[in-house]
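Before any comments, here is the structure.
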Amino acid sequence: MAPRFVTDLIPKRERNAGSSGLLPALRALKPIQYAHFWVGWLAWTCDALDFFTVSLTLPLLATQFGVQKDTMTTSITLTLLFRSVGAIIFGILSDRFGRKWPLVFNLLLCCVFSLSSGFVNTYSQFLAVRSLFGIAMGGIWGLSSSSALENLPVEVRGLASGVLQQGYACGYLLAAVINLTVVSQSPSTWRTLFWFGSGVTFFAAILRASLPESELFLHAKALEKERGTTTTEKTKIFFHETKEMLKIHWKLCIYAVLLMSGFNFLSHGSQDLYPTYLETTKGFSTHDATIATIIGNCVSIAGGAIAGYTSQYIGRRLTIVIAVLLVGAFIPLWIIPNTFGPLSAGAFWIQFGVQGAWGVIPIQLAELSPPAFRATFPGVAYQIGNMVSSASSQIEATGGNQLRTNIYVNGELENVPDYATVQGIFIGTVAAYVVLVTIFGPERHSSHFEKHKTAFEEGGGQDDAILEDEQPESVRDDDEKGSEV
């Protein structure tokens with residue numbers, strides 16, 4: 001007989017009982033539900049677009065500011081470090097005041113700092129602006145995922161999670177395409193990419209501002225208005241319920257950070273220095289390295305959607321484990337070949353696995369979260385994990401300086417950093433860690449978190465704080481029978 005922790009990876013059948021199925025649920029969606037989802041997706045796409053501008057233009061930035069590439073990666077580290085600050089600030093604002101205006105303000109800040117990044121002239125200025133950008137960027141994921149998923153029925157959330165998370169890959173892909181086609185032709189070179197990202201982010205902010213508040217928050221605010229609860233009272237309730245939630249779920253908070261640390265090491269370790277790895281260790285041109293990056297991100301979009309959909313039936317954790325094991329199996333194809341075709345195939349399968357696992361994360365964290373804190377909890381866990389993994393690119397860059405290899409460049413033998421070996425060791429170690437943490441972690445498959453009270457309502461910090469008009473039928477039946485006696 002299989003161990004219990006293995007059998008528990010598959011969700012119990014009764015959790016899917018009564019499901020209408022994916023296609024009927026999709027057909028029943030209202031236009032506003034689609035709009036909320038796709039605007040959340042676009043916000044996350046902008047986040048990735050703005051972030052990966054640095055990774056894709058790293059050699060140009062290093063030349064511009066007169067520093068080494070490994071020194072230039074400090075800007076990536078600082079952005080990741082400060083993201084947790086933004087997750088706390090904007091997560092609290094969203095769970096307290098609603099999904100709409102905190103996300104709009106958050107996107108506008110990202111727009112401003114991305115635009116500013118394209119105007120700096122010194123290395124110190126660039127580090128300062130990217131640090132501020134990290135704070136703004138940190139709020140996007142928690143706010144976009146909560147507003148996108150909470151307005152959808154349970155049957156759709158697995159697929160929606162996978163598609164939503166691949167906004168990250170789409171942002172990377174969009175940045176890579178602009179870098180390939182526009183940056184090299186523009187007199188402003190790398191600055192063009194930052195300005196483009198700023199424009200797209202501003203467009204996303206306008207779209208979100210044109211949509212109404214999340215239906216769940218409109219309902220909660222209407223109830224509180226009927227009760228005569230003032231803004232000050234709601235704020236006091238919010239902080240009280242936050243304390244209660246932390247008392248109950250402090251262990252879950254630690255677990256979520258451990259899980260997201262592994263996930264962020266996995267993604268940043270396989271993506272941030274990938275173009276640099278191909279150009280430096282494999283001798284690729286910038287054009288070929290960008291094409292390989294585009295291939296990897298195209299397939300990752302499919303991987304996230306497929307894994308998210310699959311998780312609705314075989315479970316969140318089992319889907320993650322299968323995807324990460326796929327990553328481990330294709331590490332040799334990622335690092336051993338020296339030609340474009342095999343290395344692109346390695347990128348294909350590695351990113352299919354990495355982003356497949358990531359495609360489950362939005363819904364896994366949403367279901368694990370204390371229900372009233374669906375913006376703060378996932379966002380902070382995600383970004384603290386980012387903070388822990390913030391040195392990924394520097395670890396790989398430093399490792400490459402210690403592990404060297406020889407390649408022929410223009411017919412001459414040259415000693416270069418061996419990023420292939422470094423990334424193989426790094427990704428393999430992290431993949432093993434993620435599998436273990438996932439297997440022994442919790443899962444709340446198909447949780448109806450949309451029926452829970454908000455964080456500014458009395459009792460919102462408790463797991464059983466169900467809205468009065470959303471009580472289970474058995475509870476309502478008992479109440480009705482009791483009133484008849």
Side-chain angles (χ1 to χ4, degrees), residues 82-103 105-106 135-136 138-150 213-225 227-261 361-388 442 444 447-468 470:
F82 282 99
R83 281 167 71 165
S84 57
V85 178
I88 294 171
I89 294 172
F90 289 102
I92 289 174
L93 289 175
S94 182
D95 284 331
R96 166 60 187 87
F97 295 104
R99 307 300 187 214
K100 181 177 180 177
W101 294 112
L103 181 55
F105 180 59
N106 198 175
I135 296 175
I140 297 293
W141 190 82
L143 273 61
S144 61
S145 64
S146 58
S147 59
L149 295 177
E150 70 186 11
E213 176 61 90
S214 170
E215 184 177 345
L216 300 177
F217 271 84
L218 289 175
H219 179 66
K221 288 178 179 180
L223 287 177
E224 291 301 300
K225 187 175 181 180
R227 294 167 183 163
T229 309
T230 64
T231 299
T232 302
E233 290 172 336
K234 285 191 285 187
T235 300
K236 289 180 180 179
I237 291 171
F238 174 82
F239 285 112
H240 171 75
E241 297 303 330
T242 300
K243 292 178 183 178
E244 292 301 309
M245 179 273 292
L246 290 173
K247 288 179 184 178
I248 298 169
H249 292 296
W250 64 271
K251 291 182 181 179
L252 182 62
C253 294
I254 294 173
Y255 170 77
V257 169
L258 292 174
L259 179 67
M260 296 317 300
S261 296
I361 284 298
I363 189 58
Q364 168 72 340
L365 283 185
E367 290 174 341
L368 285 181
S369 298
F373 297 88
R374 292 187 301 278
T376 307
F377 181 90
V380 172
Y382 178 96
Q383 301 302 357
I384 291 180
N386 251 324
M387 182 177 67
V388 172
R444 295 173 184 165
S447 169
H448 285 274
F449 48 73
E450 76 283 357
K451 297 181 179 180
H452 198 277
K453 288 183 177 180
T454 58
F456 56 78
E457 295 178 276
E458 289 281 359
Q462 304 293 324
D463 286 352
D464 58 353
I466 306 297
L467 292 171
E468 293 178 4
E470 294 288 358

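From a predicted model like this one, the values you see are computed outputs, not experimental measurements.
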Next item on the list: Measure across Gln383 and Ala87 and return the closest heavy-atom pair with its distance rounded to 0.1 Å.
Entry: CG-CB, 3.4 Å

Margin query: Rounded at 0.5 Å granularity, tell me how far CG in Leu252 sits from CG in Leu259.
Written below: 10.5 Å

Next item on the list: Test Trp141 against Asn386 for side-chain contact (heavy atoms from CB on, under 4.5 Å), laying out the working first.
Entry: CA-CA 12 Å; Trp141 190 82; Asn386 251 324; over 6 Å; no

Note to self: Working to the nearest 0.5 angstrom, can you tell me the gap between Leu258 CG and Cys253 SG?
What the structure shows: 11.5 Å

Notebook entry, point to check: For Leu143 and Ala375, which heavy atoms make the closest approach, and how far apart are they?
Noted result: CD1-CB, 4.5 Å

Margin query: For Glu213 versus Gly98, what's the shortest heavy-atom pair and its separation?
Written below: OE1-CA, 3.3 Å

Note to self: Could you measure the distance from the CG atom of Leu246 to the CZ atom of Phe373? Nearest 0.5 Å is fine.
What the structure shows: 7.5 Å

Next item on the list: Check whether any side-chain heavy atom of Leu149 sits under 4.5 Å from a side-chain heavy atom of Pro362, and report yes or no.
Entry: yes

Notebook entry, point to check: Can you name the closest pair of heavy atoms from Pro442 and Tyr255 and give their distance?
Noted result: CD-CE2, 3.4 Å

Margin query: Would you compute the distance between atom CZ of Phe217 and atom OG of Ser147 and round it to the nearest 0.5 angstrom?
Written below: 10.0 Å

Next item on the list: Please list, chain by chain and in numerical order, all residues satisfying salt bridge (Lys or Arg N to Asp or Glu O under 4.0 Å) with Glu233, sequence neighbours excluded.
Entry: none

Next item on the list: State, with a plain yes or no, whether a side-chain heavy atom of Tyr382 is found less than 4.5 Å away from one of Arg83.
Entry: yes

Next item on the list: Calculate, to the nearest 0.5 Å, the distance between atoms CZ and OG1 belonging to Phe97 and Thr454 respectively.
Entry: 12.0 Å

Margin query: Keeping Thr376 on the side-chain end and Gly91 on the backbone end, is there a donor-acceptor pair under 3.5 Å?
Written below: yes

Next item on the list: Calculate, to the nearest 0.5 Å, the distance between atoms CZ and CZ belonging to Arg96 and Phe238 respectively.
Entry: 8.0 Å

Next item on the list: Determine the minimum heavy-atom distance between Arg374 and Asp95, stating which atoms define it.
Entry: N-OD1, 3.7 Å

Next item on the list: Ignoring hydrogens and angles, tell me if any N or O in the side chain of Ser94 forms a donor-acceptor pair with the backbone of Phe90 under 3.5 Å.
Entry: no

Next item on the list: Check Arg99 against Ser214 and note the closest heavy-atom contact, atom names and distance.
Entry: CG-CB, 3.8 Å

